[in-house]
Amino acid sequence: MAAPAIHYRVECADRKAHLFAVTLTIDQPVALQRVALPVWIPGSYLVREFSKNLQDLRATQGRRKLAAEQLDKRSWQIECTPGKPLVLRYEVCAYDNSVRTAWLDADRGFFNGTSLCLQVEGQLDAPHALEVLAPPTSADGTHWSCATALKPTKVDRHGFGSYIASGYDELVDSPVEMGAFWSAEFEACGVPHRFVIAGAPASFDGERLIADTRAICEEQMRFWHGEKVGKRSGPKPPHDRYVFMLNAVDDGYGGLEHRHSTVLICTRRDLPQIGARKQTDGYVTLLGLISHEYFHTWNVKRLRPAEFARYDYAQENYTQLLWLFEGFTSYYDDLLLRRAGRIDDATYLKLVNKTVNQVQQTPGRFVQSVAEASFDAWIKYYRQDEQTPNTTVSYYTKGALVAMCFDLTLRAESQGSLDDVMRLLWKKSEGGPITEADFAAALEAIAGRSFAKEITSWVHSTDELPLSDLLRAHGVAALDDPAQRAQELGLRVAETGGSVQVKVVLRGGAAEQAGFSANDEWIGIELPAAKGRPVQGWRLARLDDLALYLGPLKKATALVARDRRLMRLPLTLPAGVTTWRLFAQDPAKLAKWLTRP
């Protein structure tokens with residue numbers, strides 16, 4: 001790799017004010033040099049306008065101050081002498097404690113390059129250098145460390161110093177974590193991995209997390225490359241290093257994938273606890289998140305939509321294939337937990353059951369196909385409101401069920417599995433961009449027949465998926481269970497402080513028929529007079545109170561407050577509203593699906 005001509009120096013300028021200071025040096029600028037900050041970060045499909053956090057941009061060449069003319073919301077132009085180093089200095093306010101942007105305070109620093117590093121127009125493919133400076137030691141003597149998947153060129157024992165990237169894409173695809181974090185290293189199939197955690201409590205069981213994470217990583221490498229992966233004569237995975245960065249907080253969840261790393265957020269209560277005998281649901285969810293983001297190492301960061309062959313950081317990058325990349329990843333994340341022995345059959349079916357019911361309780365599945373949901377991610381999935389469940393469907397959850405349908409259909413026809421399709425796509429594309437036609441061709445190659453009809457029905461229409469029949473063929477039965485009260489009424493509510501707040505009114509439900517609206521406060525119910533009983537009114541603290549006050553009655557008047565107006569809504573409780581409950585009817589058939597071939 002050639003010597004970098006683009007240099008970034010990042011300093012923690014003011015941790016109390018949440019300010020990073022960035023110095024960008026361009027060794028060989030052009031006469032009218034343009035620079036720009038991305039408006040979005042790959043993997044999170046929303047225009048976030050990162051330049052809103054950039055301030056005090058100054059340009060110099062030697063001792064000469066230059067004007068930085070702003071051209072639009074994200075780009076600037078500097079008139080300078082060509083070939084003479086151009087230096088830009090600016091600050092970035094880092095006050096978003098998520099996986100997507102940047103954060104800085106007295107305890108922790110974190111950033112994605114899309115939030116801090118201006119693009120240098122005309123030199124995106126040139127090597128880029130990043131220098132991260134260590135902040136002063138805290139008053140209590142705490143030393144910070146630095147972690148990133150970028151290749152180091154000169155760093156100290158805490159990880160601060162200089163790193164190199166092959167180009168701008170690699171630079172901004174390599175987040176940086178700083179602080180007094182917990183850290184551990186391990187190997188998976190010969191590949192060095194590191195796990196760093198900010199905010200871990202003293203009760204945290206690091207040994208268990210590392211053992212489980214190693215098992216997940218090795219299972220996924222075997223999935224893509226076979227049993228000999230990492231061995232001297234075997235195939236090599238596409239990554240030669242990997243870093244997990246986890247921020248443990250009081251309340252939060254999420255992840256964002258990168259080529260050689262991932263950034264995760266979970267609640268501290270979800271971390272494994274020393275001495276705990278039982279695996280909590282929260283820890284299973286965390287393992288599923290780890291599995292999901294690691295699977296993206298192959299499926300979306302390398303094998304990816306053709307529209308993402310080269311990212312355009314200036315605007316939305318549209319594709320109809322997020323159902324394949326996010327949805328299929330959502331199918332395999334829990335399935336590979338099962339194959340890695342991190343969960344049992346019952347837990348896996350419980351997770352599938354949750355996904356099925358989430359999709360079935362989304363009226364928007366009759367409005368929008370999963371391909372349309374992929375295309376509209378920029379304006380719908382990442383901009384959810386009170387009507388989102390009624391107008392759209394998640395390409396994560398329905399995409400996972402679409403993947404299951406393809407997988408179980410292939411298995412039922414004894415023509416391989418979706419595993420074979422994914423590996424064939426990897427081989428044919430050499431781990432690169434693909435189209436829907438490539439996916440259809442791989443399906444046909446494995447199945448020996450066209451899947452055009454299924455793709456049309458499952459991906460491009462709002463038809464119901466044949467889940468029940470396919471699950472039954474693989475030893476899983478689906479029973480109808482009575483729905484919970486909110487599901488029965490077609491509501492999503494928040495019950496806090498002895499109050500029922502309506503968040504979502506689902507299309508076609510009893511609540512919509514009664515006239516409920518999002519943001520209503522459901523105060524109580526009024527029962528009509530009957531023999532020996534006058535009109536009665538009861539205040540609701542939670543939806544479960546309805547069973548207590550209504551008894552066998554199916555009709556009542558709901559008392560709600562809307563914009564401080566009190567309203568009386570005629571409510572009729574529906575009959576026969578059910579949800580699915582999956583159970584293993586034929587464990588032998590189920591085992592053939594869930595265990596590694």
Can you see whether [X] engages [Y] through a side-chain donor-acceptor pair at a distance of less than 3.5 angstrom?
X      : Y      : answer
Glu131 : Ser162 : no
Arg74  : Gln315 : no
Tyr283 : Asp212 : yes
Tyr396 : His292 : no
Thr329 : Asn299 : yes

Can you tell me how the ring of [X] sits relative to the ring of [Y], calling it parallel under 30°, perpendicular over 60° and tilted otherwise?
X      : Y      : value
Phe439 : Phe328 : perpendicular
Phe295 : Trp298 : tilted
Trp40  : Trp378 : perpendicular
Phe195 : Phe244 : parallel

Between [X] and [Y], what is the shortest heavy-atom contact and its length?
X      : Y      : result
Leu118 : Tyr8   : O-OH, 2.5 Å
Ile434 : Leu321 : O-CD1, 3.9 Å
Pro29  : Thr81  : CG-O, 4.0 Å
Leu286 : Cys266 : CD1-CB, 4.0 Å
Leu424 : Ala445 : CD2-CB, 3.7 Å
Val370 : Ser394 : CG2-O, 4.4 Å

Given His143 and Phe160, is the ring pair (Phe, Tyr, Trp, His ring centres under 6.0 Å) satisfied, shown in steps? CA-CA 11 Å; His143 287 279; Phe160 288 102; over 10 Å; no
With a 4.5 Å heavy-atom cut-off, do [X] and [Y] have their side chains touching?
X      : Y      : answer
Ser429 : Leu303 : yes
Leu66  : Glu79  : no
Leu271 : Asp205 : no
Gln33  : Gln123 : yes
Asp96  : Trp103 : no

Answer yes or no: is there a donor N or O on one side and an acceptor on the other, between the side chain of [X] and the main chain of [Y], under 3.5 Å?
X      : Y      : value
Glu218 : Ile216 : no
Asn112 : Thr101 : yes
Tyr313 : Ala36  : no
Glu91  : Asp14  : no
His225 : Phe223 : no
Thr148 : Pro175 : yes
Glu326 : Trp323 : no
Asp376 : Ala373 : no
Asp72  : Ser75  : yes
Gln384 : Tyr381 : yes

Could I get the full list of salt bridge (charged side-chain N to carboxylate O under 4.0 Å, His left out) partners for Glu170, not counting sequence neighbours? Arg241
I'd like to know whether Arg259 forms a salt bridge (charged side-chain N to carboxylate O under 4.0 Å, His left out) with Asp169, so could you lay out the CA-CA distance, the side-chain angles of the two residues, the decisive distance to 0.1 Å, and finally the verdict. CA-CA 10 Å; Arg259 286 178 66 88; Asp169 285 339; over 6 Å; no
Identify all side-chain donor-acceptor contacts of residues 43-51 below 3.5 Å with residues at least two apart in sequence or on another chain.
residue, atom, partner, partner atom, Å
Ser44, OG, Arg48, NE, 3.4
Ser44, OG, Arg48, NH2, 2.7
Glu49, OE1, Lys73, NZ, 3.3
Glu49, OE2, Lys73, NZ, 2.9
Ser51, OG, Lys73, O, 2.6

Find the distance between [atom1] ([X]) and [atom2] ([Y]) and round it off to the nearest 0.5 Å.
X      : Y      : atom1 : atom2 : result
Ile265 : Leu289 : CD1   : CG    : 10.0 Å
Leu336 : Ile343 : CG    : CD1   : 10.0 Å
Cys12  : Phe111 : SG    : CZ    : 8.5 Å
Ser374 : Glu436 : OG    : CD    : 10.0 Å
Leu86  : Cys80  : CG    : SG    : 5.0 Å
Thr297 : Met221 : OG1   : CE    : 8.0 Å

Applying the side-chain contact (heavy atoms from CB on, under 4.5 Å) test to Leu150, which of Val132, Leu171, Val155 qualifies? Leu171
salt_bridge([X], [Y]) N-O dist < 4.0 Å:
X      : Y      : value
Arg310 : Asp125 : yes
Arg108 : Glu177 : yes
Arg339 : Asp419 : yes
Lys301 : Asp173 : yes
Asp56  : Arg58  : yes

Go through it in stages, so that I can follow the logic: the residues are Tyr331 and Asp407, the test is side chain to side chain donor-acceptor pair (under 3.5 Å), and I'd like the CA-CA distance, side-chain angles, deciding distance and then a yes or no. CA-CA 10 Å; Tyr331 172 59; Asp407 193 17; 2.5 Å; yes
Does NZ or CZ of Arg304 come closer than 6.0 Å to the centre of the six-membered ring of Trp426, within 45° of the ring's axis? no
Tell me if the aromatic rings of Tyr242 and His258 count as close, with their centers under 6.0 Å from one another. no
For Tyr332 and His296, I'd like to know if the aromatic rings sit close, meaning centre-to-centre distance below 6.0 Å. no
Donor-acceptor list for residues 18-28 side chains, cut-off 3.5 Å, not counting sequence neighbours:
residue, atom, partner, partner atom, Å
His18, ND1, Leu104, O, 2.5
Thr23, OG1, Arg9, NH2, 3.3
Asp27, OD2, His7, NE2, 3.1

One pair to check against side-chain contact (heavy atoms from CB on, under 4.5 Å): Ser203 and Ile274. What are the steps and the verdict? CA-CA 6 Å; Ser203 61; Ile274 295 174; 5.7 Å; no
Should we say atom CD of Glu430 is surrounded by more than 12 heavy atoms from elsewhere, each under 6.0 Å from it? no
